[in-house]
A.B. asks: 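Supplied in structure tokens, the structure appears directly below.
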2 protein chains.
Amino acid sequence: MTLRADSARVRARMLAAARARLEAGDLELPMNAVAKDAGVGVGTMYRHFAGRQALLEALAEESFRDLVGEARAAAVEPDIGAGLSRLIRATLRRQLTDPALAGVLASGEVEYAELGGLLSALMGAAREVLARARAEGVVRADVTPDDLRRLTCGIRYAVVSGGDAGEAALDRYLEILMRGIRPVG
Amino acid sequence: MTLRADSARVRARMLAAARARLEAGDLELPMNAVAKDAGVGVGTMYRHFAGRQALLEALAEESFRDLVGEARAAAVEPDIGAGLSRLIRATLRRQLTDPALAGVLASGEVEYAELGGLLSALMGAAREVLARARAEGVVRADVTPDDLRRLTCGIRYAVVSGGDAGEAALDRYLEILMRGIRPVG
DNA sequence: ACCTGAACACCGTTCAAGT
DNA sequence: ACCTGAACACCGTTCAAGT
């Protein structure tokens, strides 16, 4: 019991150190450096997280949970056009806020069991949104949940890519994406 | 003279080794490893290329030159709608073919003087295409050459991101982008 | 002039040794 | 059980020493 508490505290220290590094702009998140920041041995990092990817996933968990919540809310919006817009906007905003989440979504896979459930839930909610949107004729019939994942990752990349003047472009790119996925008719 | 020939041969060997690695799927392009493959000392790599970025740029030069050619051709197409489509399609296709070019375009900057000229030329051609397209009302008025750079980088990222099933998505994503940048009216 | 490769500072990952 | 940190294999980059 006291061992468990200890372990949990150590784990929290590592996550805090990692988060601090991310916020300081270090997207590399070196295991050695995080361990040092957290005041633990490197081995302890690996005991808790299988590797850098697992660490990223653990960091992304909270954002991811919030995102799933928003996706579910989007799926039950009365106006599904607004729902779709909300889903895409939320996915994009979260990615820009949390680089760890962006990494997980871009990889499209998940090592950590906890996140697997969240990813499925997100894709499931996206499927519902798309099904309703398609029925109402507000989205192209060939757009899949995975397309939304890829495309939002792409827009994030576009916003971030090259220079910092990109933040201002976010709303325009969002609009371009939203208009681009409208039905062809 | 003979020294120059020697140097040129060495340089060619390094570029060939780098290209071979890229084609083998190693996007990291470690300087040490490339040097070894090319049978030269690491120092020689650094004498010819300031760093990894410079090496990437040298590798991208040929593709980039071709791309500029296509962009200029697009700028003088009789039907500027087709010209715009051609510009975007070419930029995207080249990026998917040549990871080095994709890297340079995504960074949006250039260290190597040769490439600087090509980047300016590309952006200039894009500006012409957009000016004509805007005049004809086939594109949103607020789309800039840099937006096209960012957005094509983003679409490439979307195509590549997570899993290999993405190649099939290319045409659809292109269509989504093309439709998304149409005038709002 | 140009090239070589040892050397230094890192980073990922493992594992014997400690508590 | 859990943690530590030395150790190994890498990679970027520099620079004294060779030709």
Side-chain angles (χ1 to χ4, degrees), chain A residues 1-60 99-100 103-104 106-107 109-112, chain B residues 1-60 99-100 103-104 106-107 109-112:
Chain A
M1 188 72 176
T2 113
L3 279 181
R4 271 222 173 102
D6 238 42
S7 204
R9 217 176 322 137
V10 160
R11 189 189 145 97
R13 270 225 311 279
M14 292 186 290
L15 286 174
R19 232 180 286 272
R21 263 188 177 261
L22 271 191
E23 270 160 32
D26 178 6
L27 301 189
E28 307 269 321
L29 221 54
M31 297 291 271
N32 277 290
V34 173
K36 199 170 179 187
D37 288 358
V40 303
V42 227
T44 307
M45 290 290 298
Y46 282 90
R47 162 168 289 275
H48 285 258
F49 310 103
R52 223 180 117 273
Q53 174 68 9
L55 176 59
L56 267 184
E57 290 180 16
L59 284 172
V104 171
S107 89
E109 291 165 6
V110 133
E111 285 179 357
Y112 186 41
Chain B
M1 190 74 175
T2 112
L3 279 179
R4 274 224 172 99
D6 237 44
S7 205
R9 217 176 322 137
V10 160
R11 190 187 143 96
R13 269 225 310 279
M14 291 185 293
L15 286 174
R19 231 180 287 273
R21 264 192 176 258
L22 271 190
E23 271 160 30
D26 179 6
L27 300 190
E28 306 270 322
L29 222 53
M31 297 291 270
N32 278 292
V34 173
K36 199 171 181 189
D37 288 358
V40 302
V42 227
T44 306
M45 290 290 298
Y46 282 91
R47 163 169 288 274
H48 286 259
F49 310 103
R52 225 181 116 272
Q53 173 71 8
L55 176 59
L56 266 186
E57 291 182 14
L59 284 172
V104 172
S107 91
E109 292 166 6
V110 133
E111 287 178 357
Y112 186 39

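When reading the values below, keep in mind they use all heavy atoms of this one structure, side chains included, and skip hydrogens, waters and symmetry mates. Chain naming here is simple, since letters A, B, ... match the order of the sequence lines and numbering starts at 1 in each.
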A.B. asks: Determine: side-chain N/O of A:His48 to OP1/OP2 of D:dC2, distance under 4.0 Å, yes or no.
C.D. replies: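 For D:dC2, neither OP1 nor OP2 has a side-chain N or O of A:His48 closer than 4.0 Å.
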
A.B. asks: Suppose the criterion is salt bridge (charged side-chain N to carboxylate O under 4.0 Å, His left out): which pairs have a residue in residues 32-41 of chain B, not counting sequence neighbours?
C.D. replies: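 Residue pairs with at least one partner in residues 32-41 of chain B: B:Arg21-B:Asp37.
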
A.B. asks: Could you identify which residues of residues 22-36 of chain B place a heavy atom less than 4.0 Å from some atom of DNA chain D, listed by residue number, or say none?
C.D. replies: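 Those residues whose heavy atoms fall under 4.0 Å from DNA chain D, taken from residues 22-36 of chain B in numerical order, are B:Pro30, B:Met31, B:Asn32.
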
A.B. asks: Apply side-chain contact (heavy atoms from CB on, under 4.5 Å) to the pair A:Ser7 and A:His48, showing each step before the final yes or no.
C.D. replies: CA-CA 9 Å; A:Ser7 204; A:His48 285 258; 3.5 Å; yes

A.B. asks: State the pairing partner of C:dC15; accept Watson-Crick or G-U wobble contacts with both distances under 3.5 Å, and report none otherwise.
C.D. replies: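 Per the H-bond distance test, D:dG5.
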
A.B. asks: For B:Leu55 and D:dT13, what is the distance between atoms CG and C1' respectively, to the nearest whole Å?
C.D. replies: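 Rounded to the whole Å, the gap is 14 Å.
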
A.B. asks: Work out which heavy atom in B:Arg13 is nearest to a heavy atom in B:Gly39; give both atom names and the distance.
C.D. replies: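 Looking at all heavy atoms of both residues, the closest pair is NH2-O, 3.7 Å.
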
A.B. asks: Taking the side chain as every heavy atom from C-beta outward, state whether A:Tyr112 and A:Gln53 have any atom pair closer than 4.5 Å.
C.D. replies: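 No, every pair of side-chain atoms sits at 4.5 Å or beyond.
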
A.B. asks: Without decimals, in angstroms, what is the distance between B:Phe49 CZ and D:dT13 C1'?
C.D. replies: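 Atom CZ in B:Phe49 sits about 16 Å away from atom C1' in D:dT13.
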
A.B. asks: For B:Arg52, check side-chain hydrogen bond (donor to acceptor under 3.5 Å, both in side chains) against everything at least two apart and list the hits.
C.D. replies: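 Counting only residues at least two positions away or on another chain, B:Arg52 forms no side-chain hydrogen bond (donor to acceptor under 3.5 Å, both in side chains).
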
A.B. asks: Check whether any side-chain heavy atom of B:Val34 sits under 4.5 Å from a side-chain heavy atom of B:Val40, and report yes or no.
C.D. replies: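 No, side chains not in contact.
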
A.B. asks: Closest approach to the side chain of B:Arg47, judged atom by atom: which nucleotide of C:dC2, D:dG5, D:dC3 is it?
C.D. replies: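 The answer is C:dC2, which lies nearest to the side chain.
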
A.B. asks: Measure the distance from CZ on B:Arg13 to C1' on C:dC3 and round it to the nearest whole Å.
C.D. replies: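 From B:Arg13 CZ to C:dC3 C1': 11 Å.
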
A.B. asks: Who is the Watson-Crick or G-U wobble partner of C:dC10, with both distances under 3.5 Å?
C.D. replies: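 None - no nucleotide pairs with C:dC10, as no candidate has both distances under 3.5 Å.
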
A.B. asks: To the nearest angstrom, how far is A:Arg9 atom CZ from D:dC2 atom C1'?
C.D. replies: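 About 13 Å, once rounded to whole Å.
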
A.B. asks: For B:Tyr46 and for B:Gly43, find the nucleotide of DNA chain D with the closest heavy atom, then tell me which residue's nucleotide is more 5'.
C.D. replies: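 Per heavy-atom nearest nucleotide, the more 5' residue is B:Tyr46.
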
